[in-house]
Chemist: 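Dropping the structure in here first, questions after.
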Amino acid sequence: MSPIFPELSGCLRERPFRLLFIGQGASVLGDAMATIAVAFAVIDVTGSKADLGRVLMARTIPLVILLILGGVIADRLPRRALMLGSDLTRFACQAALAALLFSGNATIAWMMALMAVYGTAEALFRPALSGLTPQTVSAPRLQEAMALLGMTPAVGLATGAVLGGVIVAALQPAGAIALDAATFAVSAVCLVRMDASTRVVATPSTFLSDLREGWTAFRSRSWLVVVSIGETLYSLFVMPAIFVLGPFIADERLGGATAWATIIASFGVGLLAGGLVATRIRPRRPLVVAYLVTLPFPLWLVLLAIGAPLWTLVGPCILAGGVIAVSQALLEPTITRNVPAELRSRASSYRLLGSLSCQPLGFALVGPIAAGIGTSLALWLGAGAALANIALVVGTPSVRAIRSPAENFD
């Protein structure tokens with residue numbers, strides 16, 4: 001490991017975190033390929049924006065319904081075991097989808113069914129990961145560990161998107177989805193080898209009392225509530241604009257799967273650069289800085305909306321990825337440090353429920369909205385929602401009151 005970033009090297013010397021990092025890196029690599037492959041699989045099957053929205057909606061509905069349950073389970077049962085089961089389930093889903101595509105038997109109904117099972121497994125994985133990560137690394141290295149985990153999407157997007165574009169062009173979407181299945185197997189192996197000391201022993205309590213405790217931990221922190229509300233704007237307007245409209249624009253006028261892979265890979269390069277920068281940042285007001293740095297993010301959506309050529313999108317996409325990486329590296333450790341360890345998974349599940357609650361609706365409506373007001377205006381709507389999120393969070397007094405760890409250990 002390079003001495004230029006000794007903090008990152010220190011994180012990776014801790015075996016539990018190193019295994020978690022390797023496993024998540026493999027999964028993110030596969031997800032980057034699958035992001036491109038699933039979109040172009042739908043384009044090949046029906047060519048409908050609404051159908052792509054429905055497939056993505058099928059994945060997010062279980063997330064919304066089951067995240068609270070997942071948070072309670074993750075605070076009561078071994079988080080590593082839950083993550084392992086989730087990885088194996090998602091491996092099976094992606095392997096089955098690849099087989100259907102290879103055989104020519106894939107339908108939108110089958111794709112929606114498999115994505116629903118996939119989303120169910122993911123609903124258990126996310127809260128468990130949130131609670132497990134701080135247990136795999138020593139407290140002084142938590143921010144560096146979070147920054148390094150934040151860099152895994154960077155490497156995954158930068159390399160996986162390129163691989164995904166090439167594989168989709170050469171082997172059709174089924175090949176990329178099959179490789180995504182294999183990455184979940186790699187993640188599962190890493191979890192099996194992780195030290196058993198990372199498990200959580202549940203305290204005697206009832207399911208309803210666990211729900212109430214998690215809700216209290218969430219709602220009593222107004223800054224966390226407003227962060228979740230702001231993220232809901234992303235779920236409703238920004239993410240559907242990116243993941244439904246983006247691939248169709250790439251297919252119609254930018255050059256197809258390879259063009260969309262270039263955009264995703266550029267975003268990944270920015271995530272990587274931003275993750276490296278984030279290890280050195282120690283602002284006094286971490287939540288305020290975490291949101292203000294994202295002001296340039298909507299630029300690439302605006303360029304996409306006005307019909308800019310592919311080469312003009314690369315730089316803004318790199319910038320967008322960079323500011324998101326810095327933002328996440330500040331946001332996640334701040335949340336972790338301000339929520340007790342025994343409540344983190346439940347509080348995280350309420351936060352994720354808020355941020356994901358409108359995503360199925362967004363995916364369902366983005367096709368009809370684009371048909372009604374035009375694709376360009378739908379992209380402008382997404383850019384405006386991103387800016388509204390920043391204004392909402394930064395304008396909240398309790399957000400501005402959160403201080404860096406040296407000043408506030410709440």
Chemist: Could you list the residues that satisfy side-chain contact (heavy atoms from CB on, under 4.5 Å) with Ile242, not counting sequence neighbours?
Modeler: Val238, Trp260, Phe297, Trp300, Leu301
Chemist: Can you name the nearest heavy-atom pair linking Pro173 to Phe40, along with the distance?
Modeler: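 Looking at all heavy atoms of both residues, the shortest contact is CG-C, 4.0 Å.
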Chemist: Taking the side chain as every heavy atom from C-beta outward, state whether Thr89 and Thr120 have any pair of such atoms under 4.5 Å apart.
Modeler: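 No - every pair of side-chain heavy atoms lies 4.5 Å or more apart.
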Chemist: What are the two closest heavy atoms between Ala378 and Leu245, and how far apart are they?
Modeler: CB-CD1, 3.6 Å
Chemist: Please collect all salt bridge (charged side-chain N to carboxylate O under 4.0 Å, His left out) contacts where either partner lies in residues 247-264, sequence neighbours excluded, each pair once.
Modeler: Lys49-Glu252
Chemist: Excluding sequence neighbours, so at least two apart, what forms side-chain hydrogen bond (donor to acceptor under 3.5 Å, both in side chains) with Ser48?
Modeler: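 Counting only residues at least two positions away or on another chain, Ser48 forms no side-chain hydrogen bond (donor to acceptor under 3.5 Å, both in side chains).
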Chemist: State, to 0.1 Å, how close Ala308 and Leu254 come at their nearest heavy-atom pair, and which atoms those are.
Modeler: O-CD2, 4.0 Å
Chemist: Applying side-chain hydrogen bond (donor to acceptor under 3.5 Å, both in side chains), name anything that partners Ser27, two or more places apart in sequence or on another chain.
Modeler: none
Chemist: Under the side-chain contact (heavy atoms from CB on, under 4.5 Å) rule, collect the residues that match up with Leu84, sequence neighbours excluded.
Modeler: Leu88, Ala188, Leu191, Val192
Chemist: Between Trp380 and Ile306, is there a side-chain heavy-atom distance shorter than 4.5 Å?
Modeler: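 Ile306 vs Trp380: side chains touch.
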Chemist: If you compare all heavy atoms of Gly30 against all heavy atoms of Thr183, which two are closest, and at what distance to 0.1 Å?
Modeler: CA-OG1, 3.6 Å
Chemist: By side-chain contact (heavy atoms from CB on, under 4.5 Å), which residues pair with Val394, not counting sequence neighbours?
Modeler: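 Partners of Val394 under the side-chain contact (heavy atoms from CB on, under 4.5 Å) test: Val288, Tyr291, Leu292, Ile390.
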Chemist: Show the nearest heavy-atom pair for residues Ile43 and Pro247, with the distance to one decimal.
Modeler: CD1-O, 4.2 Å
Chemist: Side chains of residues 105-117: which donor-acceptor partners sit under 3.5 Å, not counting sequence neighbours?
Modeler:
from   : atom 1 : to     : atom 2 : distance (Å)
Asn105 : ND2    : Ser103 : OG     : 3.0
Thr107 : OG1    : Trp110 : N      : 3.1

Chemist: Show which side-chain atoms of residues 362-376 pair as donor or acceptor with protein atoms under 3.5 Å away, not counting sequence neighbours.
Modeler:
from   : atom 1 : to     : atom 2 : distance (Å)
Ser376 : OG     : Ala305 : O      : 2.7

Chemist: Which residues pass the side-chain hydrogen bond (donor to acceptor under 3.5 Å, both in side chains) test with Asp87, sequence neighbours left out?
Modeler: Arg90, Ser187
Chemist: Say whether, by atom type as modelled, one donor and one acceptor occur between the side chain of Thr396 and the main chain of Leu392 under 3.5 angstrom.
Modeler: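 Yes, the answer is positive, given that a donor and an acceptor are paired below the 3.5 Å cut-off.
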Chemist: Let's go through Asp44 and Leu101 carefully: what are the C-alpha distance in whole Å and the side-chain angles of both, what is the deciding distance for side chain to side chain contact (heavy atoms under 4.5 Å, CB included) to 0.1 Å, and is it a yes or a no?
Modeler: CA-CA 10 Å; Asp44 287 346; Leu101 290 169; over 6 Å; no
Chemist: CG of Leu299 to CG of Leu313: how many Å apart, nearest 0.5 Å?
Modeler: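 The CG atom of Leu313 is 9.0 Å from CG of Leu299, to the nearest 0.5 Å.
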Chemist: Of the non-hydrogen atoms in Ala182 and Phe91, which two are nearest, and what is the gap between them?
Modeler: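 Minimum heavy-atom separation between Ala182 and Phe91: N-CD1, 4.4 Å.
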Chemist: For Thr262 and Thr258, indicate whether the former's side chain and the latter's backbone hold a donor-acceptor pair under 3.5 Å.
Modeler: yes
Chemist: Please identify each residue that fulfils side-chain hydrogen bond (donor to acceptor under 3.5 Å, both in side chains) with Tyr118, with sequence neighbours left out.
Modeler: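 Testing Tyr118 for side-chain hydrogen bond (donor to acceptor under 3.5 Å, both in side chains), a comparison that skips the adjacent residues, returns Asp31.
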Chemist: Just verifying a value: how many Å separate Leu387 CG and Leu233 CG, rounded to the nearest 0.5 Å?
Modeler: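 Reported value, rounded in 0.5 Å steps: 11.0 Å.
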Chemist: Any pair with a residue in residues 307-327 that passes side-chain hydrogen bond (donor to acceptor under 3.5 Å, both in side chains), sequence neighbours left out, goes on the list, sorted by first then second residue, please.
Modeler: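 Qualifying pairs: none.
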